[in-house]
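Presented below is the structure to which this report refers.
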2 protein chains.
Amino acid sequence: MREHAPLELEHFLPYRLSIASNTISQSIAREYQQRYGLGVTEWRVIAVLARYDGEGLSAREVAERTATDKVTVSRALARLVAAGRVRKRIHHGDRRRSVLALSAKGWAIHDAVAPRARAHEAALLARLDAHERVCLARILDKLTEAGRAPR
Amino acid sequence: MREHAPLELEHFLPYRLSIASNTISQSIAREYQQRYGLGVTEWRVIAVLARYDGEGLSAREVAERTATDKVTVSRALARLVAAGRVRKRIHHGDRRRSVLALSAKGWAIHDAVAPRARAHEAALLARLDAHERVCLARILDKLTEAGRAPR
DNA sequence: GCAGTATAGTTTCACATGCAACCATTTGCA
DNA sequence: TGCAAATGGTTGCATGTGAAACTATACTGC
């Protein structure tokens, strides 16, 4: 016996995915982490508020669109508001809801960071050929879907 | 003006990778998180110790092979040792080094969890066709490499 | 109208993580 | 030999996170 059939971590898909994701996220996060004192979550919130500018998103909607826990978003927002990067009003007609928007400061950060993030992404994609890029998009869709509905 | 060119998070590679990775890791981790009180790091440590059974790995080597910070590994090991899942000796000839091995309890957990992890991975891969599987492996190699050496 | 329930958001707690500082031991080299 | 640098590993601190509980507001059916 002793047929333990050990798992070969380095060929295990979830593990490799996690390594790739962390390595890449880290390498991009360095761009704004120190320079703007911005965490990953905060950056994502800013990106979403920029993207849906004028729609006055609520915190819940931001949480949805960043695929992030509402608690995490709440705290990221608190930091952003305290730093004057996000303006927060109360919804007319539903006083539970907040109505969020980037301030000038928030826009400045977005406009500084977005091109860098895009450049970083481009550098990554440059390593793949056209076919691989298409394939990757399809694969990520399938895998994310699979993780969401595991049974 | 107002050419803010907002980043479209949902098409941004690092973001999508992170979502896919987290979703999948979470869905697998549920398998052992509650049942065995095992964190992701702890599971990885167990997997590596199983894989390199008999080699008496040191903590540093485990950290290397799990691509995890040495502090994180040190603490995971402390928990595993405290739970009687890992046996820890001191290296003859270099008393800084630890010599690690799974205990019977540790093996039991490995033998229970490994098949489930494998089954989960199989379910994921089942969503991809043969070509996509090959492509994915190549892509992950390239991306991880790209993240590691960004400059 | 009003009780019961749902929803937006915050707070509390418990914990995992990373960085830096830290011991102990070993190694390199003058 | 002896002392500085390197290495294995742990600990303190500051932070970010998720789960569950909680507050405040809005909705629903009677």
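Any value given below was found using the heavy atoms of this structure, including those in side chains, with hydrogens, waters and symmetry copies removed. Each chain gets a letter, A, B and so on, in the order the sequences are listed, and its residues count up from 1.
The nearest whole Å value for the distance from the CG atom in A:Leu100 to the C1' atom in C:dG9 is 11 Å. As a whole-Å value, the separation of B:Glu61 CD from D:dT7 P is 14 Å. Residue A:Gln26 contributes atom CD, which lies 8 Å from atom P of C:dG18 at whole-angstrom precision. Rounded to whole Å, the distance from CD on A:Gln33 to P on C:dT17 is 17 Å. Atoms CD1 (A:Ile90) and C1' (C:dT10) sit 13 Å apart, rounded to a whole Å.
When the nearest nucleotides of DNA chain D are assigned to A:His91 and B:Val99 by heavy-atom distance, the more 5′-ward of the two goes with B:Val99.
A:His11 is linked by a side chain to side chain contact (heavy atoms under 4.5 Å, CB included) to A:Glu8, counting only residues two or more places apart in sequence or in another chain. Applying the salt bridge (charged side-chain N to carboxylate O under 4.0 Å, His left out) criterion to B:Glu55, with sequence neighbours excluded, gives no partner residue. With sequence neighbours excluded, no residue forms a salt bridge (charged side-chain N to carboxylate O under 4.0 Å, His left out) with A:Arg65. For A:Glu61, the salt bridge (charged side-chain N to carboxylate O under 4.0 Å, His left out) test picks out no residue, with sequence neighbours left out. Contacts of B:Arg35 classified as side chain to side chain donor-acceptor pair (under 3.5 Å), with partners at least two apart in sequence or in another chain: none.
Among residues at least two apart or in separate chains, salt bridge (charged side-chain N to carboxylate O under 4.0 Å, His left out) pairs with a member in residues 114-124 of chain B are B:Glu31-B:Arg116. Residue pairs that meet the salt bridge (charged side-chain N to carboxylate O under 4.0 Å, His left out) test with at least one member in residues 12-28 of chain B, sequence neighbours left out, are A:Asp141-B:Arg16.
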Are there any protein N/O atoms within less than 3.5 Å of an N/O atom in nucleotides 26-28 of chain C, and if so, which ones and at what distance?
{"residue": "C:dT26", "atom": "OP1", "partner": "B:Arg95", "partner atom": "N", "Å": "3.0"}

Please list each protein N or O that sits under 3.5 Å from an N or O in nucleotides 10-17 of chain D, with the distance.
{"residue": "D:dT10", "atom": "OP1", "partner": "B:Lys88", "partner atom": "NZ", "Å": "2.5"}
{"residue": "D:dT10", "atom": "OP2", "partner": "B:Ser74", "partner atom": "OG", "Å": "2.6"}
{"residue": "D:dG12", "atom": "O6", "partner": "B:Arg75", "partner atom": "NH1", "Å": "3.3"}
{"residue": "D:dG12", "atom": "O6", "partner": "B:Arg75", "partner atom": "NH2", "Å": "3.4"}
{"residue": "D:dT17", "atom": "OP1", "partner": "A:Thr41", "partner atom": "OG1", "Å": "2.9"}

Return a table of donor-acceptor pairs under 3.5 angstrom between the side chains of residues 68-75 of chain B and protein atoms on other chains or two or more places apart.
{"residue": "B:Thr68", "atom": "OG1", "partner": "B:Thr66", "partner atom": "O", "Å": "2.9"}
{"residue": "B:Thr68", "atom": "OG1", "partner": "B:Thr66", "partner atom": "OG1", "Å": "3.1"}
{"residue": "B:Asp69", "atom": "OD2", "partner": "B:Val71", "partner atom": "N", "Å": "2.9"}

Using residues 80-91 of chain B as the side-chain source, report each donor-acceptor pair under 3.5 Å to any protein atom, sequence neighbours left out, with the distance given to one decimal.
{"residue": "B:Arg85", "atom": "NH1", "partner": "B:Tyr36", "partner atom": "O", "Å": "3.3"}
{"residue": "B:Arg85", "atom": "NH2", "partner": "B:Tyr36", "partner atom": "O", "Å": "3.0"}
{"residue": "B:His91", "atom": "ND1", "partner": "B:Asp94", "partner atom": "N", "Å": "3.4"}

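Counted by atom type alone, A:Ser25 and A:Arg30 present zero donor-acceptor pairs between their side chains at under 3.5 Å.
The phosphate of D:dG9 (OP1 or OP2) has a side-chain N or O of B:Ser58 nearer than 4.0 angstrom.
B:Thr144 places a side-chain N or O within 3.5 Å of a backbone atom of B:Leu140 that can act as its donor or acceptor partner.
Helix-axis bend for the helix from C:dG1-D:dC30 to C:dA30-D:dT1: the local axis fitted to the five terminal pairs at one end deviates from that at the other end by 20°, rounded to 10°.
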